[in-house]
Amino acid sequence: MPRTSTLECPGCPPLRALTFDVLGLIKVIEGRGKQGGVPKVVDRWGEPDSSKCVLAASMVHAKYDPLLAVARKNGTIEVLNPLNGDVRFAISNVDDTGNRPENDAIAGLHLFARNKVDSGSRSCTLLTCTTNGKATLRSFEDISSADSASMGSSRTWNVCSSGNILCSKVDGSENYALFGGKGVEVNVWDLNERTKIWTAKSPPKNSLGIFTPTWFTSATFLSKDDHRKFVAGTNSHEVRLYDISAQRRPVISFDFKETPIRAVAEDLDGHTIYVGNGSGDLASFDMRTGKLLGSFLGKCSGSIRSIARHPELPVVASCGLDSYLRLWDVKTRQLLSAVFLKQHLVNVIIDSNFTGEEVANSTRDPSVEAAQTVNEDEDEDGDDQHLQPVKRKKSLKEKKVNKKGRKEKNRSNEISAEDCGSKKKLKSKKRLKREVLDDSP
């Protein structure tokens, strides 16, 4: 048997996370307690089905009536309520040409938030991109129920002529998007005009004359306010920083370990990123210099497939093929908590509007509280004569203590009796001595 050790986790602050796995299940994990609670699975949506494997997910973090979009392996795209799991509507990504979803799976999905802010909860806009490079921008009207949802405008274009798209990302303003993949150099598109505004140039050959083929696995914008700088991870375990306003080749490039980069995520400060690879290593880098800030303690045993940074708390979440959701402290890089979820995980999203206080108050039933109040009043005002005393058997320890106490008491009584006797004898001697003195001539 291998030698193992138990790691004590201090717990995490109140948060709520949604995980997606290869069997199509969506699990809700919540952690409560201001002093550091242990997160637990509080809900599960869907039934296990490998054909419904989740390929991509996107969420609108609205305070009222949020939305969650999920793209599945069978070509279905579902828009549901992330609070209770109710499906608003579902569409199929299969086109009229009859291409099977397995041959052209969805590689990227983004649910726009600006349309929801402008027009309320009656409409939404989705951006999807398949592995063959077909990008589609769809809008839906009246999504309050599945029966009333209707398709609005739809626009489709190709973002690549060859290769396979493996990663895509939309910037914070939701006006630009980047795409990259195997045999596809990362490129940036203007979503309003649907035109390509920039394309990366492959790095030159190394000193040995070896050319590294193009294979991007993940990408993210470095800051939500600037679409010109973004970070991309490659299958050759390289992390590259691009600046479209400076040059077409990477501004900074460095290697991380020896396995492909599988997930990258940006921090709130605008210059720190988190990188996870295929061997379970997770680390943070300062992209201003490319310096390694540190590795997160407690190595995962499987490939990391998704990293999510909490928008307010200093917490970062990671999940992967080892079926664990792990929560880390950003400052100390210590493991706060780990939850085993049984299936291989492919994505994680943190709910930014969760506080953990409203549910604690709603769990108390008013009728139960009223009944408890009535019982307490009756106990205070009622007659106590009907209550019968209940005798409790004394334990062996209590018996020994009582017996020891009785012995000490008897001993003290004996000592006091001896003292009294000695005092009486002394008084009698003194009286006898005075009598002798009085009788002498």
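Here the structure is a predicted model, which is why all the values come from computation and not from measurement. Just so you know, these numbers use all the heavy atoms, side chains as well, and skip hydrogens, waters and symmetry mates.
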In terms of side-chain heavy atoms, does [X] have a donor or acceptor partner in [Y] at a distance below 3.5 Å?
| X | Y | answer |
| --- | --- | --- |
| Asp49 | Ser51 | yes |
| Glu185 | Thr199 | no |
| Ser303 | Arg305 | yes |
| Thr272 | Asp269 | yes |

Tell me the closest heavy-atom pair linking Cys300 and Ile304, and the distance in Å.
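Cys300 and Ile304 have their closest heavy atoms at SG-CD1, 4.3 Å.
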Side-chain donor/acceptor of [X] to backbone N/O of [Y], under 3.5 Å:
| X | Y | value |
| --- | --- | --- |
| Arg72 | Lys52 | yes |
| Arg333 | Leu293 | yes |
| Ser92 | Thr76 | no |
| Ser223 | Gly270 | no |
| Asn235 | Thr217 | no |
| Lys27 | Leu341 | yes |

Which label fits [X] and [Y]: parallel for a plane angle under 30°, tilted from 30 to 60°, or perpendicular past 60°?
| X | Y | value |
| --- | --- | --- |
| Phe89 | Phe140 | tilted |
| Phe340 | Tyr324 | tilted |
| Trp157 | Trp189 | tilted |

Could you check whether Tyr176 and Trp198 have their ring centres less than 6.0 Å apart?
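No, too far apart.
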Compute the centroid of each ring, for Phe285 and then for Phe254, and state whether the two points are separated by less than 6.0 Å.
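Judged by ring-centre distance (under 6.0 Å), Phe285 and Phe254 do meet the cut-off.
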Give a yes or no on whether a salt bridge exists between Asp267 and Arg309, defined as a side-chain N under 4.0 angstrom from a carboxylate O.
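Result for this pair is yes, salt bridge flagged.
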Salt bridge present between Arg16 and Asp43 (N-O < 4.0 angstrom)
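So Arg16 does not pair with Asp43 through a salt bridge.
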So do Glu141 and Ser123 actually touch side chain to side chain, heavy atoms under 4.5 Å?
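Yes; the side chains approach each other to less than 4.5 Å.
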